[in-house]
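Here is the naming used below: chain letters follow the sequence lines, and residue numbers restart at 1 for every chain. Atom set for the values below is all heavy atoms of this structure, side chains included, hydrogens, waters and symmetry mates excluded.
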Number of protein chains: 2
Amino acid sequence: MATGRTHRPATRSRGIPEATVARLPLYLRALTALSERSVPTVSSEELAAAAGVNSAKLRKDFSYLGSYGTRGVGYDVEYLVYQISRELGLTQDWPVVIVGIGNLGAALANYGGFASRGFRVAALIDADPAMAGKPVAGIPVQHTDELEKIIDDNGVSIGVIATPAGAAQQVCDRLVAAGVTSILNFAPTVLSVPDGVDVRKVDLSIELQILAFHEQRKAGEEAAANADGAVPHTAARKQPADKGPDGDVPAVMPA
Amino acid sequence: MATGRTHRPATRSRGIPEATVARLPLYLRALTALSERSVPTVSSEELAAAAGVNSAKLRKDFSYLGSYGTRGVGYDVEYLVYQISRELGLTQDWPVVIVGIGNLGAALANYGGFASRGFRVAALIDADPAMAGKPVAGIPVQHTDELEKIIDDNGVSIGVIATPAGAAQQVCDRLVAAGVTSILNFAPTVLSVPDGVDVRKVDLSIELQILAFHEQRKAGEEAAANADGAVPHTAARKQPADKGPDGDVPAVMPA
DNA sequence: CTTTGTGAACAGTTTCACAGCC
DNA sequence: GGCTGTGAAACTGTTCACAAAG
């Protein structure tokens, strides 16, 4: 078993669609900003704009959580913040370990977005003995030898892998063996994990490649390959004709 | 104006599904690894395993690119590497600028995965005058004032934003005005861009929140969920109380 | 035989449009 | 009037299963 798979949600639980779950953090961020400005209520239209989605989608998403809005009025900001936080499990404390304290690991350790939600960086772990004891983001780096003990002592169930690709699987195996059941992987590798362990992957170069794909299409309107690559200046170049404000290009039918 | 979306395939191009495009880099990576080991051909089954997807999906994906396989044999590794690279636009040079050279920006600048595909870091840009001239990953950091000139001189069409959230929209506006049409955004903000500009977002805390959601669910399930999986080991941690035995549907929140 | 390529069934997601409540 | 909540429609993505090709 245990052939690598990014493992699906799988959970047979209450049916909140995966796509909705992925947007809840987005809503939460927008709501938190509103909350900080002491905005009491917000309409689906406004909130959707702030989160960068459309309002029908947002309403549908919220409908999976329950009926938390008031018709004719909108949603109570504080209440929604709480409900979404709870749904995401952010009302509890999630100790997290970050393994691999290079530039990326350090960036993660310093990233404010972690602490502000329920996440707490319980430990930073690196294989380089020279790093041991050095504080990063105020937290002393510990050696990989301590990994199992750290996870055990802190009840860590979420691990972040920011090591080079070559070390990722091995680190992953140790994390899983030590009891970690959710992994956020920044190394450009496919990780094999046993069933029941969730892996999410963030891959910098993949994102760029997807952009390149679309970028290439944009240029494909006329002057194609040129060693130069792109036409700078004036963003108003070969726009594919029309398109109004929010209107998305409709899916042109096959001839 | 158009609120930043996570991008839009859209144009009347040849219809490669977005989900397929997103997997091509994955296949490419697996194929590159095979290529380096001088493996001449690979079956959909093997390649799918290496890329972490299932083989039917892989074959369907490849069918959008054309018929590049040989029945009874599999796919020619080199040929497929070339075809996918070309489809993704990686056979051309993509100069990229990275704006915001903190830990994350530095991690990106040092990230090998960029250069190895068609991407070239044309410049590193930071608002801090103290950074100017300092080399990161062998490239001297330049001040934000130079942004427009750099983009123009290098024909940059892809920009990476690794600034704090507060600066991201402003940087984005300048990039777009200067001619950038694809943006990879690491700042935790929704960017507004005009139509025709693609934005992809990588958000560290969102990924963690999604993991937390699933992690939370697991806690209520594990009693029944031990079919073919593998209990990692006896988690010596504080297990949350457990749950009803046979319930394969944990119903609602137990408060 | 083995393995691809693909129509067709299925599953998940988004959008529409409007009934129902404030 | 304004706005939510939601069925139904439209669309996108995945899986199945098998005919066709080597």
**Student:** To the nearest Å, give me how far apart NZ (A/K57) and P (D/dC3) are.
**Tutor:** 21 Å

**Student:** Any sub-3.5 Å donor-acceptor pair from A/W94's side-chain atoms to A/G89's backbone N or O?
**Tutor:** yes

**Student:** A/V96 and side-chain contact (heavy atoms from CB on, under 4.5 Å): which single residue from A/V180, A/V160, A/L184 fits?
**Tutor:** A/V160

**Student:** The side chain of A/P17 lies closest to which of these nucleotides: D/dT14, C/dT13, C/dT14?
**Tutor:** C/dT13

**Student:** Between N or O atoms, less than 3.5 Å apart, protein on one side and nucleotides 17-22 of chain D on the other: list the pairs.
**Tutor:**
from: D/dA20; atom 1: N3; to: B/R71; atom 2: NH1; distance (Å): 2.7

**Student:** If I take atom CD in residue B/E46 and atom C1' in nucleotide C/dT2, what distance separates them, rounded to the nearest angstrom?
**Tutor:** 12 Å

**Student:** Which nucleotide sits closest to the side chain of B/K60: D/dG5, D/dT15, D/dG7?
**Tutor:** D/dT15

**Student:** With the side chain of B/S63 defined as its heavy atoms from C-beta on, choose the nearest nucleotide among C/dT14, D/dT14, C/dG5.
**Tutor:** C/dG5

**Student:** Could you pick out which residue, A/A19 or B/V42, lies toward the 5' side of DNA chain C when each is mapped onto its nearest nucleotide?
**Tutor:** B/V42

**Student:** Taking the side chain of A/Y75 as its heavy atoms from C-beta onward, which of D/dT4, D/dT15, C/dG5 lies nearest to it?
**Tutor:** D/dT4

**Student:** Give one of base, sugar-phosphate or nothing for A/F62, where a contact means two heavy atoms less than 4.0 Å apart.
**Tutor:** nothing

**Student:** Going by salt bridge (charged side-chain N to carboxylate O under 4.0 Å, His left out), name the residues that satisfy it together with A/E207, two or more places apart in sequence or in a different chain.
**Tutor:** B/R200

**Student:** Rounding to an integer number of Å, can you tell me how far A/E45 CD sits from C/dA17 C1'?
**Tutor:** 14 Å

**Student:** Can you tell me if the side-chain N/O atoms of A/Y68 get under 4.0 Å from OP1 or OP2 in D/dC3?
**Tutor:** no

**Student:** Estimate the overall bend of the helix from C/dC1-D/dG22 to C/dC22-D/dG1 from the end axes over five pairs each, rounded to 10 degrees.
**Tutor:** 0°

**Student:** Taking the side chain from A/Q216 and the backbone from B/R86, do they hold a donor-acceptor pair closer than 3.5 Å?
**Tutor:** yes

**Student:** Grab the CG-C1' distance between A/L58 and C/dC16 for me, whole Å please.
**Tutor:** 16 Å

**Student:** Could you walk me through whether B/F119 and A/L211 pass the side-chain contact (heavy atoms from CB on, under 4.5 Å) check?
**Tutor:** CA-CA 11 Å; B/F119 303 100; A/L211 282 177; over 6 Å; no

**Student:** Using the salt bridge (Lys or Arg N to Asp or Glu O under 4.0 Å) rule, collect all pairs that involve residues 60-79 of chain A, keeping only residues at least two apart or in two chains.
**Tutor:** A/R23-A/D61

**Student:** CZ of A/R23 versus C1' of C/dT13: gap in Å, rounded?
**Tutor:** 8 Å

**Student:** Quick one about B/T32 and B/E36 (side-chain donor to acceptor, distance below 3.5 Å, no hydrogens or angles considered), yes or no?
**Tutor:** no

**Student:** By salt bridge (charged side-chain N to carboxylate O under 4.0 Å, His left out), which residues pair with B/R59, not counting sequence neighbours?
**Tutor:** none

**Student:** Look at the side-chain N and O atoms of A/S44 and state whether any lies under 4.0 Å from the OP1 or OP2 oxygen of D/dT4.
**Tutor:** yes

**Student:** Would you say A/N54 reaches C/dT15's phosphate, i.e. side-chain N/O to OP1/OP2 under 4.0 Å?
**Tutor:** yes

**Student:** Show every salt bridge (Lys or Arg N to Asp or Glu O under 4.0 Å) that has at least one partner inside residues 24-34 of chain A, sequence neighbours left out.
**Tutor:** A/R29-B/D203

